[in-house]
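For reference, the structure discussed in these notes is given below.
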Amino acid sequence: MKIVLTGPFGVGKTTLVGAVSDIAPLTTEAVMTAGNTADDTTHTPAKTTTTVAMDFGRLEINGVTVYVYGTPGQHRFWFMWDAIVRGAVGAVVLVDTRRLQDSFRHLDYVDNADLPFVIAVNQFPGGHTYPVDAVREALAVTADVPVVAIDARDRDSVRDLLIALVEHVLARTARSHPTRAAATSP
Ligand SMILES: Nc1nc2c(ncn2[C@@H]2O[C@H](COP(=O)(O)OP(=O)(O)OP(=O)(O)O)[C@@H](O)[C@H]2O)c(=O)[nH]1
Ligand SMILES: [Mg+2]
């Protein structure tokens with residue numbers, strides 16, 4: 001099962017893949033040069049690298065092998081997106097409550113691609129701990145979209161998130177293809 005992880009620059013995508021992958025994750029980090037104003041590190045002052053192509057990790061969930069492909073966060077690397085998303089069955093959109101608006105274009109993308117998705121709220125120090133329903137309302141997503149608060153550095157937290165995504169994908173498949181879902185449920 002291929003899933004895509006997306007979200008804006010510095011929201012914790014590479015961190016999340018590194019926390020949950022059963023294999024050494026593939027990363028494509030490049031050092032950010034000081035003075036490069038294209039990389040806004042206001043909210044992530046400790047960040048020194050950025051993903052220029054993709055992240056990749058793999059894990060097992062209840063006997064299902066899940067491949068996680070992370071998109072690059074910055075708009076100038078979006079030419080990678082269509083290749084990364086091809087063949088995916090679902091997506092995680094990672095958000096930071098200090099700058100929810102930065103995730104709108106990622107939500108639009110997965111919505112337009114007709115991918116089932118869950119929203120993961122990465123808890124940064126100094127971030128607002130809004131109830132998940134408030135985040136759902138602010139992002140204008142419907143009640144059936146799971147919104148999960150996570151710590152991208154914590155393996156169990158990320159596993160629970162991915163389990164929520166797998167269940168959401170299966171539930172959506174069940175609604176649109178009742179016979180197929182019965183055959184694929186664990
Ligand atoms: N406190 C805290 N810090 C985090 C968390 N997740 C990520 N970070 C930190 O936030 C910074 C950015 O994380 P990355 O994983 O590089 O973010 P990214 O989304 O991959 O960034 P790009 O690929 O450049 O778009 C790093 O310094 C992380 O250590 C979190 O859950 N809590
Ligand atoms: Mg990254």
Side-chain angles (χ1 to χ4, degrees), residues 2-59 66-85 88 90-110 115 117-132 134-135 139 146-165:
K2 174 179 178 178
I3 64 167
V4 168
L5 166 66
T6 191
F9 171 68
V11 76
K13 301 176 294 294
T14 301
T15 304
L16 185 156
V17 173
V20 82
S21 183
D22 290 337
I23 57 168
L26 168 76
T27 58
T28 58
E29 297 295 284
V31 173
M32 295 187 293
T33 43
N36 177 357
T37 51
D39 303 330
D40 180 1
T41 54
T42 312
H43 295 296
T44 52
K47 191 169 165 57
T48 56
T49 66
T50 187
T51 304
V52 294
M54 60 182 244
D55 298 301
F56 173 74
R58 192 188 74 198
L59 69 152
V66 177
Y67 300 93
V68 185
Y69 288 73
T71 61
Q74 299 178 82
H75 200 231
R76 64 184 187 274
F77 300 126
W78 271 36
F79 59 86
M80 290 296 301
W81 269 60
D82 290 343
I84 291 173
V85 166
V92 173
V93 180
L94 196 50
V95 306
D96 176 349
T97 53
R98 297 168 299 178
R99 47 191 181 110
L100 281 179
Q101 69 283 2
D102 291 359
S103 294
F104 288 163
R105 58 169 65 156
H106 305 81
L107 283 169
D108 285 346
Y109 186 96
V110 295
L115 273 179
F117 64 92
V118 300
I119 291 168
V121 184
N122 202 8
Q123 309 279 1
F124 284 92
H128 309 284
T129 47
Y130 296 118
V132 289
V135 175
L139 294 172
V147 182
V148 184
I150 66 150
D151 182 335
R153 302 162 299 178
D154 182 86
R155 178 181 168 82
D156 290 342
S157 169
V158 176
R159 272 189 76 88
D160 288 348
L161 164 74
L162 297 181
I163 290 167
L165 174 61

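Every number for a ligand or one of its atoms is a count from 1 in the order of the listing. When reading the values below, keep in mind they use all heavy atoms of this one structure, side chains included, and skip hydrogens, waters and symmetry mates.
Using a distance-only test at 3.5 Å, with no hydrogens or angles considered, a donor-acceptor pair links the side chain of Ser157 to the main chain of Asp151. Side-chain N or O atoms of Thr28 include one that pairs as donor or acceptor with a backbone N or O of Ala53 at under 3.5 Å. Panel note: side chain Lys13, backbone Gly7; a donor-acceptor pair is recorded below 3.5 Å.
In summary, the atoms of ligand 1 found under 4.0 Å from a heavy atom of Gly73, numbered by their order in the structure, are 25 (O). Listed by number with element, the atoms of ligand 1 under 4.0 angstrom from any heavy atom of Gln123 are 31 (O), 32 (N). In the vicinity of Phe9, heavy-atom distances shorter than 4.0 Å reach the ligand 1 atoms 24 (O), 25 (O). Close approach of ligand 1 to Thr50 is summarised as follows: ligand atoms under 4.0 Å from at least one heavy atom of the residue are 22 (P), 24 (O).
Considering backbone and side-chain N/O atoms, Ala46 never comes within less than 3.5 Å of an N/O atom of ligand 1. In terms of polar-atom proximity, Thr49 is not counted as a contact of ligand 1, lacking any N or O under 3.5 Å from an N or O of the ligand.
Between Asp40 and Lys47 no salt bridge is recorded (no basic side-chain N to carboxylate O distance below 4.0 Å).
Considering only heavy atoms from C-beta on, Ile150 comes within 4.5 Å of Leu16 through its side chain.
The Mg ion (ligand 2) has Thr14 OG1, Thr51 OG1 as protein N, O or S atoms under 2.8 Å away.
Of the heavy atoms in Asn122, only side-chain atoms (C-beta onward) come closer than 4.0 Å to ligand 1.
Contact annotation: Pro72 has no heavy atom less than 4.0 Å from any atom of ligand 1.
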